[in-house]
Number of protein chains: 2
Amino acid sequence: MLSNSKDDLSQLLREKGYKITEQRKAVLEIVMEHDGEHLSSQEIYELVKKKYPDVGVATVYRTLPVLEELGYVYTVDLGDGCARYELQREGQQHRHHHLICECCGEITEVKDDLLDEIEKKIYDNYGFTIKDHRVKFYGICSKCGKC
Amino acid sequence: MLSNSKDDLSQLLREKGYKITEQRKAVLEIVMEHDGEHLSSQEIYELVKKKYPDVGVATVYRTLPVLEELGYVYTVDLGDGCARYELQREGQQHRHHHLICECCGEITEVKDDLLDEIEKKIYDNYGFTIKDHRVKFYGICSKCGKC
DNA sequence: ATTCATGCAAATCGTTTGCAACCCA
DNA sequence: TGGGTTGCAAACGATTTGCATGAAT
């Protein structure tokens, strides 16, 4: 079970044979400060830079996959041609789904998984064992639906 | 109801105020020759180039969104950092789902939609009206499962 | 004749890489 | 000490853009 606390970073890094550096702490710090957002690597770099001006782009780009490996973040693909990251919530084994409003662009997270039955059907029909999924729904959110 | 036949291209282009050109016909021709594949813009360009050497990259890149608008293709995002296109099948109102094998990389299409119930639940819980979806399942296909 | 489409090359954008200097273990 | 890590700048790959030419209506 992984914890999202920043204090565990050192330990997790050590376990994987990575070195503990200020830069890695900085990137995690920034990402944790933006829970619920879907920042691109570029945006994360800019935020890191603002707080810690000496950190280079390459470091941020190299750190994000490490944080992903350690279970702190995972990538979200919003189809805009850049890698985006989202904080991995504690106790969440699967990625959650995203509702993307075509009107205002708001991204809502779906807390429920809801796919168990479908995944079973797919196993029955295709012999495909599902380990993870990425699900995006496009439509109109409740706010925009009223207008 | 749209038809996937290449003969309708001229008409659809005309309806939208686009001009009918050999290049647009060529791109559609190539895409139709590769039904079932998920070619990147780059790959489509190379295939077009092979058959019609005078067509430029920019034209292919400009044509694909037009074909998408006309309903001939839609984009698939396989997370490899490039735009991929797939032929839109006749009579298919929603995008189908993809099963991506983490072992051999094979991409299988799921013919059934299976999401109606979930979409209803999401409407009930979030007030979000779903118009389309992108669903990818990652796991192990039947062939790889046996090894 | 007008407007839109094309090909080319240059520009852009996000990301990766090579490398010398640097710092953690 | 010694190998992973960093910052910088250059390299990269996919895609887009400006522009003068060319083709379609």
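Just so it is clear, the values below take in all heavy atoms, side chains as well, and ignore hydrogens, waters and symmetry mates. By convention in this document, chain letters (A, B, ...) are assigned in the order of the sequence lines, proteins followed by strands, and residues within each chain are numbered from 1.
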- Task: Could you pull out all residues at least two apart from B:D124 that satisfy side chain to side chain contact (heavy atoms under 4.5 Å, CB included)?
- Result: B:K120
Protein N or O to nucleotides 22-25 of chain C N or O, pairs below 3.5 Å:
| residue | atom | partner | partner atom | Å |
| --- | --- | --- | --- | --- |
| C:dC24 | O2 | A:K19 | NZ | 3.3 |
| C:dA25 | OP1 | A:I20 | N | 3.3 |

Under 3.5 Å between N/O atoms: give me all the protein pairs with nucleotides 13-17 of chain C, atom names plus distance.
| residue | atom | partner | partner atom | Å |
| --- | --- | --- | --- | --- |
| C:dT15 | OP1 | A:A83 | N | 2.6 |
| C:dT15 | OP2 | A:Y61 | OH | 2.5 |

- Remaining members of the apolar cluster that contains B:I140, side-chain heavy atoms under 4.5 Å: none
- Query: Does B:S10 reach the side chain of B:K25, with side-chain heavy atoms less than 4.5 Å apart?
  - Reply: yes
- Query: Under 4.5 Å between any side-chain heavy atoms of B:L9 and B:I20, yes or no?
  - Reply: no
- Item | Which residues share a side chain to side chain contact (heavy atoms under 4.5 Å, CB included) with B:E109, sequence neighbours left out | B:H38, B:E86, B:R89, B:H96, B:H98
- Task: List for me each residue that meets side chain to side chain donor-acceptor pair (under 3.5 Å) alongside A:R134, sequence neighbours excluded, and say none if there are none.
- Result: none
- Query: With a cutoff of under 4.5 Å between side-chain heavy atoms, which Ile, Leu, Val, Met, Phe, Trp and Tyr residues group with B:F128?
  - Reply: A:L99, A:V110, A:L114, A:L115, A:I118, A:I122, A:Y126, A:F128, A:I130, A:V135, A:F137, B:L99, B:V110, B:L114, B:L115, B:I118, B:I122, B:Y126, B:I130, B:V135, B:F137
- Item | Global bending angle along the helix from C:dA1-D:dT25 to C:dA25-D:dT1, which compares the axes of five pairs at either end, to 10 degrees | 30°
- Other than A:Y123, which residues form its hydrophobic cluster under the rule that side-chain heavy atoms must be closer than 4.5 Å? none
- Message: Reading DNA chain D from 5' to 3', where do the contacts with chain A start and stop? Cut-off is 4.0 Å to heavy atoms.
- Response: D:dG2 to D:dC8
- Message: Taking the side chain as everything from C-beta on, heavy atoms only, tell me whether B:Y138 gets closer than 4.5 Å to A:K131.
- Response: no
- Remaining members of hydrophobic cluster (4.5 Å side-chain criterion), A:Y74: none
- Do B:R95 and B:T75 have side chains that get closer than 4.5 Å, going by heavy atoms? yes
- Residues in side chain to side chain contact (heavy atoms under 4.5 Å, CB included) with B:K16, at least two apart? B:Y18, B:E69, B:L70
